[in-house]
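Predicted model, so just to flag it, every value in this text is computed and none were measured.
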Amino acid sequence: MQLSVSRYRAMLTVEMMFLITDIVINTTVEMFRFQSVILLVIFVIQDVCLIFSIIIVFLSFFSTYVFQAGLIGYLLSKFRASIFVSLLYLVLSITYHVWSLNIRWYSPMSYWWTEPLLSFFVIHRLVGCIYYYLYKRTALMITDPRLYEDISWIKEEWKLK
């Protein structure tokens, strides 16, 4: 299966759109800190975008010749960090959203930053930066033409297994 330029451009555009959406939400969400319902909607949009971005990465994996040839282990070893950090960031995001909304839902005007929540917020944002880097790197690396062609290196990998 050849990777066409238009298909790659469309996939990369969608992936970057989800990434930019996540960055914009993370940077502007505190403007709505006094409206709990708006925050709930924004957090749901962010979590859905994260889930869709992970699905798109896996769809990109499934469309490679390497995956179709049965060398799933090769893809997993090459993209292990990206997969792990993406899933970790999704779990941390959902946990932060539930925790922060639970604290501020009934009294949004009060000071609700507890020390554990603040520590978790910092960890969430740090993992977010790592996620942004690895997700973009994965989106660009998955377009390696070798992953979409039946060439000798795949046969060599198959012989080693």
Subject >> side-chain contact (heavy atoms from CB on, under 4.5 Å) between Tyr131 and Leu50, worked out >> reply: CA-CA 11 Å; Tyr131 164 76; Leu50 284 173; 3.6 Å; yes
**OP:** Could you walk me through whether Arg9 and Thr13 pass side-chain contact (heavy atoms from CB on, under 4.5 Å), step by step?
**Re:** CA-CA 6 Å; Arg9 187 177 299 138; Thr13 302; 4.2 Å; yes
**OP:** Would you sort out whether Ile142 and Val57 count as a side-chain contact (heavy atoms from CB on, under 4.5 Å), showing the intermediate values?
**Re:** CA-CA 9 Å; Ile142 198 69; Val57 167; over 6 Å; no
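Partners of Phe52 according to the ring pair (Phe, Tyr, Trp, His ring centres under 6.0 Å) rule, which considers only residues two or more places apart in sequence or in another chain, do not exist here. For Lys78, the salt bridge (charged side-chain N to carboxylate O under 4.0 Å, His left out) test picks out Asp144, with sequence neighbours left out. For Phe58, the ring pair (Phe, Tyr, Trp, His ring centres under 6.0 Å) partners two or more places apart in sequence, or in a different chain, are Phe61. Under the rule for a side-chain contact (heavy atoms from CB on, under 4.5 Å), the partners of Glu30 that lie at least two apart in sequence or sit in another chain are Arg33, Tyr96, Arg104, Trp112, Trp113. Annotation: side-chain contact (heavy atoms from CB on, under 4.5 Å) contacts of Val41 (sequence neighbours excluded): Ile45. Among residues two or more places apart in sequence or in another chain, the side-chain contact (heavy atoms from CB on, under 4.5 Å) test is passed with Ser82 by Leu134, Arg137, Thr138. For Val98, the side-chain contact (heavy atoms from CB on, under 4.5 Å) partners at least two apart in sequence or on another chain are Ile94. Ser86 pairs by the side chain to side chain donor-acceptor pair (under 3.5 Å) definition with nothing, not counting sequence neighbours.
The cluster map of Ile, Leu, Val, Met, Phe, Trp and Tyr, joined by side-chain heavy atoms under 4.5 Å apart, puts Leu40 and Ile103 in the same cluster. Grouping the Ile, Leu, Val, Met, Phe, Trp and Tyr side chains by contacts below 4.5 angstrom, directly or via other members, places Met109 apart from Leu117. Hydrophobic clustering places Met31 together with Ile42 (ILVMFWY residues linked when any side-chain heavy atoms are closer than 4.5 Å, directly or through intermediates). A continuous path of hydrophobic side-chain contacts links Leu90 to Val44 [ILVMFWY only; heavy atoms under 4.5 Å]. Ile54 and Val91 are assigned to two separate hydrophobic clusters, defined by single-linkage of ILVMFWY side chains at heavy-atom distances under 4.5 Å.
Within the 4.5 Å cutoff, no side-chain heavy atoms of Glu15 are placed close to those of Lys136. Contact annotation: the side chain of Val37 approaches that of Trp105 to within less than 4.5 Å [non-hydrogen atoms, C-beta and beyond]. Here the side chains of Ile83 and Leu76 are in contact, with some heavy-atom distance below 4.5 Å.
Residue pairs that meet the salt bridge (charged side-chain N to carboxylate O under 4.0 Å, His left out) test with at least one member in residues 56-72, sequence neighbours left out, do not exist here. Identified under the salt bridge (charged side-chain N to carboxylate O under 4.0 Å, His left out) test for residues 54-63, with sequence neighbours left out: none. Within the structure, salt bridge (charged side-chain N to carboxylate O under 4.0 Å, His left out) contacts touching residues 108-120 (residues at least two apart or in different chains) do not occur. Sorted by first and then second residue, the pairs that involve residues 18-50 and meet ring-ring contact (aromatic ring centres under 6.0 Å, His included), not counting sequence neighbours, are Phe43-His97.
Atom CG of Leu12 is separated from atom CD1 of Ile56 by 10.5 Å, given to the nearest 0.5 angstrom. Expressed to the nearest 0.5 Å, how far CZ of Phe121 lies from OG1 of Thr114 amounts to 12.5 Å. Leu92 contributes atom CG, which lies 11.0 Å from atom CZ of Arg125 (distance to the nearest 0.5 angstrom). To the nearest 0.5 Å, atom OG of residue Ser36 and atom CG of residue Asn102 are 10.5 Å apart. Rounding to the nearest 0.5 angstrom, the gap separating the OG atom in Ser119 from the NE2 atom in His124 is 14.5 Å. If you take OG on Ser63 and CE on Met11, they are separated by 6.0 Å, rounding to the nearest 0.5 Å.
Looking at every heavy atom in both residues, Val127 comes nearest to Val85 through O-CG1, 4.3 Å.
Between the side chains of Asp22 and Tyr89, a donor-acceptor pair is found at a separation under 3.5 Å.
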